[in-house]
Amino acid sequence: MRVAALYDIHANMPALEAVLEEVREARVELVVIGGDVVPGPMIRATLTRLLHLDTPTQFIHGNGELAVLAQIDAPDPSAVTYWGTTAGAPLPEPFREVVRWTARQVRPDYTRVLASWPKTIRLDIPGLGGVLFCHGTPTSETDAFTRLTPEDVLRLVFDGLGVDLVVCGHTHMQFDRMIGTTRVVNAGSVGMPFGRTGADWLILGPDVELRNTPYDLAQAAECIRETTYPQAHELANSIQQPPAEAEMLELFTRISF
């Protein structure tokens with residue numbers, strides 16, 4: 001069985017379409033969507049596309065979906081405490097508006113769909129063995145770590161899982177490393193990778209293949225800017241000139257655990 005892992009799409013439809021074309025060519029048998037389909041500029045189109053793929057598809061929550069669901073479920077929006085940030089850190093007001101805007105796009109058609117996703121999935125993939133898919137870590141969708149995070153602080157989370165491979169995302173940077181006896185691979189981000197342009201994703205089976213798919217960045221940026229997404233201009237700029245990997249590694253490694 002060959003599995004495509006698509007993480008952190010962030011409703012970037014041009015990036016998603018480019019990846020799905022390669023997914024079709026790769027003849028994968030299952031697609032795993034690893035969370036943070038939202039927020040992003042083209043939410044309804046992205047969810048509709050993913051929910052009607054010809055290939056069997058499974059979904060897990062990211063911090064993005066859970067932050068949006070917290071808005072939808074709250075009887076009093078001012079009382080919301082979950083914003084999908086590491087260690088519950090306060091979210092600046094411009095980003096709070098992104099989550100609120102996303103909630104308005106999701107409801108009512110997709111609320112029940114998003115709420116039905118689990119936080120993790122386990123699969124057996126020939127050549128790789130038992131594989132656990134999570135968003136941040138096996139125990140938290142918001143915990144962040146990188147290829148530079150010291151192994152000793154991660155062993156408590158990754159030891160004893162009973163799987164051979166863990167696939168994660170969340171930090172938008174691919175890596176392939178060992179933590180104790182467990183191989184851990186970050187799928188990167190389809191919609192907003194850090195350190196390079198294009199769309200990052202994985203093919204699993206019989207080994208792990210880190211993929212990067214190019215697409216028309218200028219055209220995608222123009223489409224994004226035409227939406228009403230509150231961070232449209234920032235995202236459009238980011239996909240054309242992503243933040244430097246060294247900068248983001250320093251940031252995420254510093255807040256790791």
Side-chain angles (χ1 to χ4, degrees), residues 1-10 19 28 30-37 58-66 84-87 117-196 198-212 245-246 248-257:
M1 177 170 65
R2 283 164 62 79
V3 177
L6 279 57
Y7 278 62
D8 294 279
I9 298 167
H10 286 288
V19 169
V28 304
L30 176 69
V31 177
V32 173
I33 306 299
D36 278 16
V37 175
Q58 296 188 39
F59 298 80
I60 61 173
H61 278 144
N63 55 298
E65 285 81 23
L66 292 174
T85 55
T86 301
W117 298 350
K119 285 194 175 185
T120 63
I121 293 171
R122 290 183 183 232
L123 298 173
D124 288 317
I125 300 178
L128 294 172
V131 181
L132 173 68
F133 296 85
C134 60
H135 185 70
T137 70
T139 56
S140 169
E141 74 281 356
T142 60
D143 278 344
F145 70 103
T146 73
R147 60 181 174 83
L148 301 182
T149 304
E151 181 178 335
D152 59 343
V153 303
L154 298 172
R155 290 287 296 270
L156 287 176
V157 174
F158 287 92
D159 283 354
L161 293 173
V163 296
D164 303 286
L165 173 67
V166 174
V167 179
C168 62
H170 188 47
T171 59
H172 297 208
M173 291 175 284
Q174 289 182 331
F175 62 70
D176 185 349
R177 62 175 290 186
M178 296 297 297
I179 299 175
T181 60
T182 305
R183 187 178 183 183
V184 181
V185 179
N186 190 302
S189 171
V190 169
M192 193 169 54
F194 298 146
R196 64 177 176 181
D200 289 340
W201 57 291
L202 300 178
I203 292 181
L204 305 167
D207 202 349
V208 175
E209 184 180 348
L210 303 177
R211 300 290 292 263
N212 175 269
E245 182 185 38
M248 302 311 292
L249 279 172
E250 192 279 331
L251 171 65
F252 280 113
T253 303
R254 176 161 42 84
I255 66 173
S256 295
F257 291 79

Worksheet entry | Which atom of Ile255 lies closest to which atom of Ala144, heavy atoms considered | CD1-CB, 4.3 Å

Discussion item. Evaluate Thr171 against Thr146 for side-chain hydrogen bond (donor to acceptor under 3.5 Å, both in side chains), listing each step before the verdict.
Written reply: CA-CA 7 Å; Thr171 59; Thr146 73; over 6 Å; no

Worksheet item: Parallel, tilted or perpendicular for His172 and Phe194, by the 30°/60° rule?
Response: parallel

Discussion item. Testing the basics here: between Ala187 and Ala5, what is the closest heavy-atom pair and its distance to 0.1 Å?
Written reply: CB-O, 4.3 Å

Practice prompt. Mark yes or no for whether Gln174, through its side chain, and Asn186, through its backbone, hold a donor-acceptor pair below 3.5 Å.
Written response: no

Worksheet item: Taking side chain as C-beta onward, heavy atoms only, is Leu132 less than 4.5 Å from Leu165?
Response: no

Worksheet item: Where do Val166 and Pro138 come nearest, in terms of heavy atoms and distance?
Response: CG1-CG, 4.3 Å

Worksheet entry | Nearest-0.5 Å distance, CG of residue Asp143 to CZ of residue Phe252 | 12.0 Å

Discussion item. Could you measure the distance from the CH2 atom of Trp201 to the CG atom of Asn212? Nearest 0.5 Å is fine.
Written reply: 10.5 Å

Worksheet item: Mind checking whether Asp36 and Glu65 have side chains closer than 4.5 Å, heavy atoms only?
Response: yes

Discussion item. Using the ring centroid of each side chain, check whether Phe133 and Tyr7 are separated by less than 6.0 Å.
Written reply: no

Item to complete: Would you please test Val157 and Ile179 for side-chain contact (heavy atoms from CB on, under 4.5 Å) and show each step?
Response: CA-CA 9 Å; Val157 174; Ile179 299 175; over 6 Å; no

Response to the item:
Between Ala199 and Val19, the two heavy atoms sitting closest are CB-CG2, 3.5 Å

Item to complete: Evaluate the side-chain proximity of Ser189 to Asp200: yes if any heavy-atom separation is below 4.5 Å, no if none is.
Response: no

Item to complete: Kindly indicate whether the side chain of Leu202, heavy atoms from C-beta on, has any atom under 4.5 Å from the side chain of Val32.
Response: no

Discussion item. Test your reading of the model: is there a side-chain donor-acceptor pair from His170 to the backbone of His135, 3.5 Å cut-off?
Written reply: no

Worksheet item: What's the spacing between Arg2 CZ and Ile203 CD1 if we round to 0.5 Å?
Response: 4.5 Å

Discussion item. Using the salt bridge (Lys or Arg N to Asp or Glu O under 4.0 Å) criterion, which residues pair with Arg254? Sequence neighbours excluded.
Written reply: Glu250

Fill in: Distance (rounded to the nearest 0.5 Å) between Met192 CE and Ile9 CD1
12.5 Å

Fill in: Close side-chain approach of Val163 and Val131, heavy atoms under 4.5 Å
no

Fill in: Side chain to side chain, Asp176 and Arg183, heavy atoms closer than 4.5 Å
yes

Worksheet item: Got a second to check how far Phe145's CZ is from Ser140's OG, nearest 0.5 Å?
Response: 11.0 Å

Worksheet item: Any side-chain heavy atom of Cys168 sitting closer than 4.5 Å to one from Phe175?
Response: yes

Practice prompt. Measure across Leu249 and Thr253 and return the closest heavy-atom pair with its distance rounded to 0.1 Å.
Written response: O-OG1, 2.6 Å

Worksheet item: Got a second to check how far Thr181's OG1 is from Asp159's CG, nearest 0.5 Å?
Response: 6.0 Å

Worksheet item: Would a 4.5 Å heavy-atom cut-off, applied to side chains only, mark Arg177 and Thr149 as touching?
Response: yes

Worksheet item: Can you name the closest pair of heavy atoms from Ile60 and Trp117 and give their distance?
Response: O-CE3, 3.7 Å

Side-chain polar contacts of residues 119-127 - donor-acceptor pairs under 3.5 angstrom, sequence neighbours left out - could you list them?
unit_1 : atom_1 : unit_2 : atom_2 : d
Lys119 : NZ     : Glu141 : OE1    : 3.1
Arg122 : NH1    : Leu161 : O      : 3.0
Arg122 : NH2    : Leu161 : O      : 3.2

